[in-house]
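Note sheet for the following structure.
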Amino acid sequence: MNIFDRIWNSSLGKKYLMALTGAALFVFLIGHLLGNLQIFGPPELINGYAHFLKSKPAMVWGARLGLLACVALHIASAVTLAQLNATARPQAYATKGAYGASTASQYMLPTGIVIVSFVVYHLAHFTVLLPGVNGVGDFSNLKATLHHEQVPDVYGMMVLGFEVGWVVLFYLVAQALLFMHLNHGLAAMFQSLGFRDHVWWPRIQFLARAASVALLIGYCIIPLAIYLRLVGHDYAEMIRFKPKAQTAPPALVAAQGKEAK
Ligand code: HEM
């Protein structure tokens, strides 16, 4: 039996796997948030950052494949552990929430499913740029000029994208469920790794809550600030998609807007 089989075939091994893949996804969430918070700077900042990432395809694809592997292993170990628990205790507890199980711990699987659905939508929205899912128009036409070069206008895409009420609502609901998932999952991760005694457990729970709240606030203020016209409103006005009769691509419209100023 190879090492992976040995890990996979023990429930402790699966718990470790779930904890470590969860930790990697948490690190991604921090990095992704720091990248996205650049929306509060000038458009060149986040556009330059996105352009830099796109100019390093090997790094980006390596990270994407790593993320995909983590998501797949995290879900597979969660599902098989839940099945093992159900087989070990076929009768459900008489009272929900018994034995100190928090509401979040009971909803790890449902919240996880909504988060995965959110990520699928989010990829269609901002990465694959599927027209028709954003309620605005074709984002792949959006270009900005950066150091005399035409680059994807990520700033424009975000400020236009978060002017749509139902999109913002969906993002906020998903972030609330992500918060529930992390609040329990981060503490459970340390528990799986063996840190659970009466001194460390309250500290770990406090830190897990603080990190989840920080991510919740960070991820929610982006769509909210844009929706409330506190960020990027003038820019959105400048590049707004024109009615169908307007054939010029938004980049051209943006350029015309600049000339008119
Ligand atoms: C307000 C919240 C969020 C904003 C504004 C946001 C913004 C973005 C943007 C603009 C991109 C495309 C980057 C590019 O192609 O240049 C992106 C990609 C992505 N986002 Fe988010 N994101 C948010 C929340 C999340 C969350 C909560 C997750 C995970 C649970 C997530 C996972 C991803 C993934 C996996 C990608 C694809 C990265 C790639 O391979 O290109 N995002 N996000």
Side-chain angles (χ1 to χ4, degrees), residues 21-41 43-72 74-75 108 111-130 133-134 136 139-140 142-144 146 150-164 166-183 185-186 211-228 230-232 236:
T21 50
L25 294 171
F26 175 63
V27 170
F28 164 77
L29 281 176
I30 297 176
H32 191 48
L33 176 60
L34 293 178
N36 285 331
L37 285 174
Q38 296 178 83
I39 193 77
F40 292 104
E44 299 75 39
L45 191 63
I46 198 160
N47 283 344
Y49 168 71
H51 182 58
F52 166 78
L53 289 183
K54 285 192 177 119
S55 69
K56 304 268 175 285
M59 185 182 85
V60 169
W61 277 103
R64 282 176 175 166
L65 292 177
L67 266 182
L68 200 64
C70 285
V71 171
H74 194 73
I75 295 175
M108 285 310 268
T111 52
I113 291 168
V114 177
I115 295 164
V116 171
S117 322
F118 162 75
V119 172
V120 171
Y121 172 77
H122 182 53
L123 290 179
H125 191 207
F126 280 159
T127 302
V128 184
L129 307 182
L130 210 63
V133 302
N134 57 38
V136 184
F139 284 157
S140 61
L142 283 175
K143 295 279 181 259
L146 190 76
Q150 289 284 290
V151 299
D153 190 359
V154 173
Y155 185 91
M157 173 177 87
M158 281 169 70
V159 296
L160 286 175
F162 289 133
E163 282 191 350
V164 182
W166 63 265
V167 170
V168 172
L169 188 66
F170 180 43
Y171 268 71
L172 295 182
V173 170
Q175 304 318 308
L177 294 175
L178 179 64
F179 162 76
M180 278 175 77
H181 197 86
L182 285 175
N183 186 31
L186 286 175
S212 319
V213 169
L215 284 181
L216 175 71
I217 295 174
Y219 274 118
C220 285
I221 54 169
I222 297 170
L224 273 178
I226 294 170
Y227 187 69
L228 297 174
L230 300 174
V231 170

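Each ligand, and each atom within it, is numbered from 1 in the order the structure gives.
Geometrically, ligand 1 and Gln175 share no nitrogen or oxygen pair separated by less than 3.5 Å.
Of all protein heavy atoms, the one lying nearest to atom 2 (C) of ligand 1 is Tyr219 CD2, 3.3 Å. Protein heavy atom closest to atom 30 (C) of ligand 1, with residue, atom name and distance, is Val119 CG2, 3.6 Å. Nearest non-hydrogen protein atom to atom 40 (O) of ligand 1 is Arg64 NE, 2.5 Å.
When distances from atom 21 (Fe) of ligand 1 to the N, O or S atoms of His32 are compared, NE2 comes out shortest.
Distance check on atom 25 (C) of ligand 1: some protein heavy atom falls below the 4.0 Å cut-off. Distances from atom 38 (C) of ligand 1 to the protein include no heavy-atom value under 4.0 Å.
Two residues are said to be in side-chain contact when any heavy atoms from C-beta on lie closer than 4.5 Å; Val60 and Arg64 meet this criterion. In this structure, the side chains of Tyr155 and Gln38 stay at 4.5 Å or more apart for every pair of heavy atoms. Side-chain contact between Tyr171 and His125 is present, with heavy atoms from C-beta onward closer than 4.5 Å.
For the ligand labelled ligand 1, residue Leu25 lies outside the 4.0 Å heavy-atom shell.
Only side-chain heavy atoms of Leu178 come within less than 4.0 Å of ligand 1; its backbone N, CA, C and O stay farther off.
Taking only non-hydrogen atoms, the option from Met158, His125, His122, Met157 nearest to atom 22 (N) of ligand 1 is His122.
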